[in-house]
Protein chains: 2
Amino acid sequence: MKVGPERADAARNREAILTAAAELFDRADVETVSMNEIAEAAGVGKGTLFRRFSDRGSLIEAVLTRRAAALLRQEQGPPPLGPGGEPAEALHAYLDGLLDFVWANRSLIRALEQSGPNVFYANPASRHWIAELTRRLAAARPGEDADYLAHILYTAVRADAVDYLYTARGMSLDRIRAGLHALATPAATVPPVAATVPVPVPVAVAVAVAPAVTTAVVPRGG
Amino acid sequence: MKVGPERADAARNREAILTAAAELFDRADVETVSMNEIAEAAGVGKGTLFRRFSDRGSLIEAVLTRRAAALLRQEQGPPPLGPGGEPAEALHAYLDGLLDFVWANRSLIRALEQSGPNVFYANPASRHWIAELTRRLAAARPGEDADYLAHILYTAVRADAVDYLYTARGMSLDRIRAGLHALATPAATVPPVAATVPVPVPVAVAVAVAPAVTTAVVPRGG
DNA sequence: CTACGGTGTGGACCGGCGGTCCGCTTGGTG
DNA sequence: CACCAAGCGGACCGCCGGTCCACACCGTAG
């Protein structure tokens, strides 16, 4: 397993592939985008495509990981999204960040969800987010089953679920957000819940689709 | 479009296909079961298979619909699962029924979830269950966003989610059930929630996998 | 019981998929 | 510049879901 420097053409092709894949996946209906198309759009051969990304799933994961980087960076920034601050607020800010991320990347995430059993829950980014949710829930709602609740909250922001609620059921993103926050609010302190949008919606993350950016993919001599 | 009686051999083959498919799907990893295999296992040609079930998704749906019949029948029985009775109890009994059904048929439901975008939410049985959940939630928790909550509760019993919690996270079915009930409990009346299993677990449905049963498919020589 | 029409059958066949292979090209190095 | 491994690309593979059609067999009319 060579981890060393990548040849210039290889790095260039990796970029081309990731960019082309991201664009095609965003266009629509990820299921219908074939590896052939991606290779062609990226201007590389199929062999090259599969040399960089061993299979379909790992390509999708790579595209998504890059998108997730923005969110992960913010997690290490200042509160409320970053560590520290009041537990309940930290939890709600986190949920907002997650929902915004999912919303911005929903078609891609749907692709990931479809790409194999359990990859949605089992992939590293998800595990990180669930763990973080669990931590914040445990802080905000001691005495409850934080682990279970974290999984449910994370399930509640699954791309296909959110997409279905929005597209097929006509729920606004704000309504979904409000519901999510209500779900996360400790039973003890929950107000009557005004069924509208009482939540602050603070940080909002704004990962958006992002123009890919590269920022030194091959650090090499790190 | 002939809707009348099916020829004897056609009916026999339909049964054979449904039975074989159900068995293969239950064996493991639904994604890996091909239509070819099903046809072979059922002892029919591929043409026959596709004549009865226009595509993969509709075959899966047909198998599942048959399984769901048991649950739907109980819904029209006596309370708490059937109509009438105290709202909160009706809601919890319903969730139990749903969870048990999902548990008993999880591999099949996972197949359905994978068979296309939104088919999990959009198929008739799901819509029915979600609507029923909404009704019971609205009765048990007036003033809240019952529609959203119903979808979240239904999402919380998605086969892959439950399966992941059980298999990968080692949560017992009882723990999952307890979490589900806590989620459904109105904020106002929720006790400290003992993180263990305080729920009654009343009706339990017991749909199980059911040995398919045929009930006189090929009368012929009566 | 026989003749017959059309529904039902089955497996060869199809286009395209994800993935592999390998002879040729090209970037990096001394 | 010479060298050669890393990289490349597209022909190729096995198999998938799905289609097609010559033929079989069911059910009925006589």
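Because the structure is a prediction, the values reported are computed rather than measured. To find a chain, count down the sequence lines: A is the first, B the second, and so on, and within it residues start at 1.
Classification of the A:H151-A:Y121 ring pair by plane angle, with boundaries at 30° and 60°, yields tilted.
Taking CD from B:E113 and CG from B:D163, the interatomic distance works out to 9.5 Å, rounded to the nearest 0.5 Å. Expressed to the nearest 0.5 Å, how far CZ of B:R56 lies from CD of B:Q114 amounts to 10.0 Å.
The pair B:K46-B:E37 does not count as a salt bridge, with every side-chain nitrogen at least 4.0 angstrom from each carboxylate oxygen. The residues B:R177 and B:D100 are annotated as salt-bridged, a charged nitrogen and a carboxylate oxygen being separated by less than 4.0 angstrom.
In this structure, A:E6 atom CD and D:dA5 atom C1' are separated by 15 Å, rounded to whole Å. Atom CD1 of A:I38 and atom C1' of D:dG9 are 16 Å apart (whole Å). In this structure, A:M35 places its CE atom 13 Å from C1' of C:dT20, rounding to the nearest Å. Atom pair A:L24:CG and C:dG18:P shows a separation of 12 Å (rounding to whole Å applied). Counting to the nearest Å, the C1' atom of D:dG17 and the CD atom of B:Q114 are 16 Å from each other. Spacing between atom CD1 of B:I17 and atom C1' of C:dG8 amounts to 11 Å, rounded to whole angstrom units. As rounded to whole Å, 8 Å separates atom C1' of C:dG6 from atom CZ of B:R7. A straight line from CZ of A:F50 to P of C:dT20 spans 7 Å, rounded to a whole angstrom.
B:R51 has a side-chain polar atom (N or O) that falls below the 4.0 Å cut-off from OP1 or OP2 of C:dG8. Between B:N13 and C:dT9 there is a side-chain polar atom (N or O) within less than 4.0 angstrom of OP1 or OP2. An OP1 or OP2 oxygen of D:dC8 is reached within less than 4.0 angstrom by a side-chain nitrogen or oxygen of A:R52.
No engagement by A:R12 is indicated, since no non-hydrogen atom pair under 4.0 Å with the nucleic acid exists. Base engagement by A:T48 is indicated by at least one non-hydrogen atom pair under 4.0 Å involving a base atom.
Checking side-chain atoms of A:D29 against main-chain N and O of A:T32 turns up no donor-acceptor pair under 3.5 Å.
With distances taken from any side-chain atom of A:A10 to the nucleotides D:dC26, D:dC16, D:dC8, the minimum falls on D:dC8. Which of D:dC16, D:dT19, D:dG10 sits closest to the side chain of A:K46 comes down to D:dG10.
Residues of residues 56-65 of chain A that place a heavy atom closer than 4.0 Å to DNA chain C, in numerical order, are A:R56.
Remark: B:R158 qualifies as a cation-pi partner of B:F120 under the 6.0 Å distance and 45° angle criteria applied to the six-membered ring.
For the pair B:N36 and B:D9, both in contact range of DNA chain C, the more 5′-proximal nearest nucleotide belongs to B:D9. Comparing B:G43 and A:E31 along DNA chain C, the residue whose closest nucleotide (by nearest heavy atom) sits nearer the 5' end is B:G43.
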